[in-house]
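Reading through the C-alpha cells given below for one structure.
Please read all numbers here as calculations on a predicted model, not as lab measurements.
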Amino acid sequence: MKTILTGIRVNGELTLGNYLGALLPMTRLANQHSQDSKINIFIPDLHTIISDIDGNLQTNLIKSIKYYLASGLELNDNIHIYRQSFVPAHSELTWLLNCFATMGEVSRMIQYKEKGEGKDSANVGIFDYPVLMAADILLYDANYIPVGEDQFQHLELTRDIAIRINNRFDQEIFTIPAKTTDQAKFMGVDDGIRIRSLTNPEKKMSKSDISEHSKIMLSDDPEAAAKKIMSATTDSIGKIQFDMFNQPGISNLLQIESLITNQPLQIVISRWAGETNYGDLKNQVATSVKTFLTDFQTKVNDITDQKVLEVLEKGEIYANQIANAKLHQVQVALGLRKNA
C-alpha cells in the first residue's frame with residue numbers, strides 16, 4: 001500500500017481559506033484513497049513551536065483535529081492521526097539526516113531566506129525546519145505529501161537527502177517521495193486553491209491579517225460572516241465573470257460558492273454568466289457561507305475532547321511502531337545499532 005502523509009499546523013484559528021484550500025481537499029483525498037493507501041495525518045507541534053509559543057497549543061491542537069473530523073473525514077484502520085512530538089523518532093531522525101544535509105542546500109531554502117537569513121535573532125529551528133520535515137516524511141516511506149507550492153523546495157530536499165543516504169549505503173533504506181510534478185497530478189490539481197482576502201482580493205485570505213473584515217474564521221458567528229461577504233471588495237466593471245486577473249473579488253466569490261456548496265466551478269460560473277447585479281451574487285454566497293458555518297460548528301461542538309484523545313492515542317501507537325522500525329534501520333546502517 002502507498003502512504004499519503006499530510007500535516008496541518010495548529011498555531012491559531014483557521015480561516016475559511018484554510019478549510020477550503022487545504023483541509024477539505026485533504027479530507028476528500030483521504031476518504032478517496034483510504035481503502036488502498038495508508039493515510040497519515042500528523043499534527044506538527046514541533047514545527048509550530050518554531051514560531052509560535054503562546055500557551056494555547058493544546059487547545060488549538062484539539063480544535064484542529066475536530067475540524068478534520070467535522071469536515072467529513074471517514075476514520076478507518078488505514079487512517080492514522082498522531083502528534084509529531086509523541087513520536088520521538090521524528091526528533092532523532094532529524095539529527096541523523098542533518099549529518100547528510102549540507103549547509104549550502106538548507107540555506108538556499110526560500111522560507112529560510114525570507115524568515116531567518118541574516119537575522120541574529122532567528123532561531124536555529126527556522127533553519128533546520130526542512131530537515132525535520134524530511135524526517136516526518138521518510139520515517140513512514142511516504143509516497144505522496146499534499147503540500148502547497150511554497151513547500152515544493154522542501155520536498156525536493158527530502159528527495160535529495162533520501163537518495164544520498166540510499167546511495168551511500170547501497171540499499172533502499174528510504175522510499176523516495178514522488179516528484180513535485182507527480183504530487184500535483186496525484187492530487188488532481190494543476191494549481192492550488194487560493195481563497196482571497198475579502199478586503200484586498202489581490203492577496204490570499206490570511207489569519208494573520210489585522211483586518212477582521214478580510215477573513216472569515218471557522219469560529220465566526222454565521223451572521224457576522226455573512227455580513228463580511230456582503231461588504232467584500234469587488235470592482236466597477238459591472239459584469240459577473242470569472243477572471244482572477246481583472247476581477248479577483250468577483251472571481252473569489254464564485255470560487256467560494258463553488259467549493260462551499262460542492263458544485264463544479266464551471267457550473268457556478270455558468271449560472272452567473274452575464275449577470276450584472278453584484279448584490280445578488282453576494283447575497284447567494286453570504287447565504288451559503290452562513291449555512292455552512294452553522295452546520296460545521298454544530299458538528300465541531302458534537303465532537304468531545306475525549307473522542308479526539310482516543311483517536312490520537314490509537315494513531316500514536318501505530319506511528320511509533322512504524323517510525324521506530326525505520327529509525328532502527330537507519331541506526332543499523334550508520335553503525336549505531338546491531339542488526340537484530
Side-chain angles (χ1 to χ4, degrees), residues 1-45 47-48 57-84 86-87 136-137 140 142-148 151 183 186-189 192-193 195 207 216-219 256 258-263 289 291-320 322:
M1 298 179 75
K2 294 189 180 299
T3 297
I4 302 169
L5 180 143
T6 189
I8 185 168
R9 293 187 68 176
V10 292
N11 54 336
E13 184 60 74
L14 299 182
T15 69
L16 184 66
N18 297 135
Y19 175 82
L20 296 177
L23 196 152
L24 184 60
M26 185 58 220
T27 295
R28 290 174 175 169
L29 190 71
N31 290 342
Q32 178 185 351
H33 291 281
S34 65
Q35 298 304 316
D36 57 20
S37 302
K38 291 177 284 186
I39 313 294
N40 288 12
I41 301 173
F42 76 103
I43 308 301
D45 45 3
H47 286 296
T48 299
L57 179 57
Q58 291 304 311
T59 299
N60 293 335
L61 187 153
I62 295 293
K63 184 183 291 185
S64 294
I65 298 172
K66 287 183 179 181
Y67 285 167
Y68 258 115
L69 300 179
S71 69
L73 184 67
E74 300 168 1
L75 295 177
N76 61 38
D77 289 341
N78 287 334
I79 294 181
H80 312 282
I81 305 177
Y82 54 92
R83 290 162 288 193
Q84 186 184 36
F86 277 63
V87 186
D136 300 333
I137 295 167
Y140 304 96
N143 307 96
Y144 296 104
I145 307 92
V147 294
Q151 297 291 322
Q183 299 275 352
F186 175 75
M187 293 172 63
V189 296
I193 297 168
I195 302 301
K207 57 188 173 185
I216 292 175
M217 312 306 294
L218 293 180
S219 59
I256 291 172
S258 164
L259 293 167
I260 214 164
T261 60
N262 195 27
Q263 299 181 77
V289 167
T291 300
F292 162 73
L293 284 178
T294 300
D295 179 61
F296 184 76
Q297 290 171 7
T298 298
K299 291 177 180 178
V300 170
N301 292 334
D302 286 344
I303 301 169
T304 66
D305 290 3
Q306 183 58 37
K307 170 64 175 177
V308 171
L309 292 174
E310 289 172 1
V311 170
L312 286 171
E313 288 168 4
K314 181 179 178 181
E316 284 152 11
I317 291 172
Y318 164 84
N320 274 293
I322 300 300

**Interatomic spacing from CG in N31 to CD1 in I79 - rounded to 0.5 Å** = 5.5 Å

**Asked** Can you find a pair of side-chain heavy atoms, one from I195 and one from L259, that are under 4.5 Å apart?
**Response** yes

**Request:** Check whether any side-chain heavy atom of V311 sits under 4.5 Å from a side-chain heavy atom of V308, and report yes or no.
**Result:** no

**Prompt:** Under 4.5 Å between any side-chain heavy atoms of N143 and F186, yes or no?
**Reply:** no

**Prompt:** Any side-chain heavy atom of R28 sitting closer than 4.5 Å to one from L24?
**Reply:** yes

**Asked** For the residue pair T27 and G72, what are the closest heavy atoms and their distance?
**Response** CG2-C, 3.6 Å

**Prompt:** At what distance, to the nearest 0.5 angstrom, does CD1 of I41 lie from OG of S64?
**Reply:** 12.0 Å

**Asked** Do you know the tightest heavy-atom contact between S37 and N78?
**Response** O-CB, 3.5 Å

**Item:** Heavy-atom side-chain contact between I145 and T6 under 4.5 Å
**Value:** no

**Asked** For D77, does the CG atom have more than 12 heavy-atom neighbours from other residues, nucleotides or ligands under 6.0 Å away?
**Response** no

**Request:** Give, for atom CD1 of I62 and atom NZ of K307, the distance between the pair rounded to the nearest 0.5 Å.
**Result:** 13.0 Å

**Item:** Q263 backbone acceptor or donor facing S258 side chain under 3.5 Å
**Value:** yes

**Asked** With no hydrogens and no angle check, is any side-chain donor or acceptor of E316 less than 3.5 Å from a backbone partner on V87?
**Response** no

**Request:** Look at the aromatic rings of Y82 and F42 and report parallel, tilted or perpendicular, splitting at 30° and 60°.
**Result:** parallel

**Request:** Report the C-alpha distance between D136 and H47 in whole Å, list the side-chain angles of each, state the deciding distance to 0.1 Å, and finish with yes or no for side chain to side chain contact (heavy atoms under 4.5 Å, CB included).
**Result:** CA-CA 10 Å; D136 300 333; H47 286 296; 2.8 Å; yes

**Message:** Using the rule given for side chain to side chain contact (heavy atoms under 4.5 Å, CB included), can you reason through Q84 versus T48, listing the C-alpha separation, both sets of side-chain angles and the distance that settles it, and then say yes or no?
**Reply:** CA-CA 10 Å; Q84 186 184 36; T48 299; over 6 Å; no

**Asked** How many angstroms lie between CD in Q35 and CE in M1, if you round to the nearest 0.5 Å?
**Response** 8.0 Å

**Asked** Checking E310 side chain against D305 main chain: does a donor-acceptor pair fall under 3.5 Å?
**Response** no

**Item:** Distance flag, aromatic centroids of H80 and Y140, threshold under 6.0 Å
**Value:** no

**Item:** Any Y318 side-chain heavy atom under 4.5 Å of N40 side chain
**Value:** yes

**Fill in**
Closest non-hydrogen atoms of A30 and I39, given as atom of the first, atom of the second and distance, are CB-CG2, 3.7 Å

**Request:** Might you work through the side chain to side chain contact (heavy atoms under 4.5 Å, CB included) test for F296 and L218, ending with a clear yes or no?
**Result:** CA-CA 8 Å; F296 184 76; L218 293 180; 4.0 Å; yes

**Message:** Within this structure, what is the OH-CD distance for the pair Y67 and Q297, rounded to the nearest 0.5 Å?
**Reply:** 7.5 Å

**Request:** Count the heavy atoms of every other residue, nucleotide or ligand shown that sit under 6.0 Å from NZ of K314, and state whether that count exceeds 12.
**Result:** no

**Request:** Could you tell me whether the side chain of L75 reaches within less than 4.5 Å of the side chain of L69, counting heavy atoms only?
**Result:** yes

**Prompt:** Is the shortest heavy-atom distance from the side chain of L14 to the side chain of K63 under 4.5 Å?
**Reply:** no

**Prompt:** Distance from T291 atom OG1 to I260 atom CD1, nearest 0.5 Å?
**Reply:** 8.5 Å

**Donor-acceptor contact below 3.5 Å, side chain N18 vs main chain T15** = yes

**Complete:** Residues Q183 and Y144: closest non-hydrogen pair is OE1-CA, 3.3 Å

**Request:** Compare every heavy atom of A70 with every heavy atom of V300, then report the nearest pair and how far apart it is.
**Result:** CG2-CB, 3.6 Å

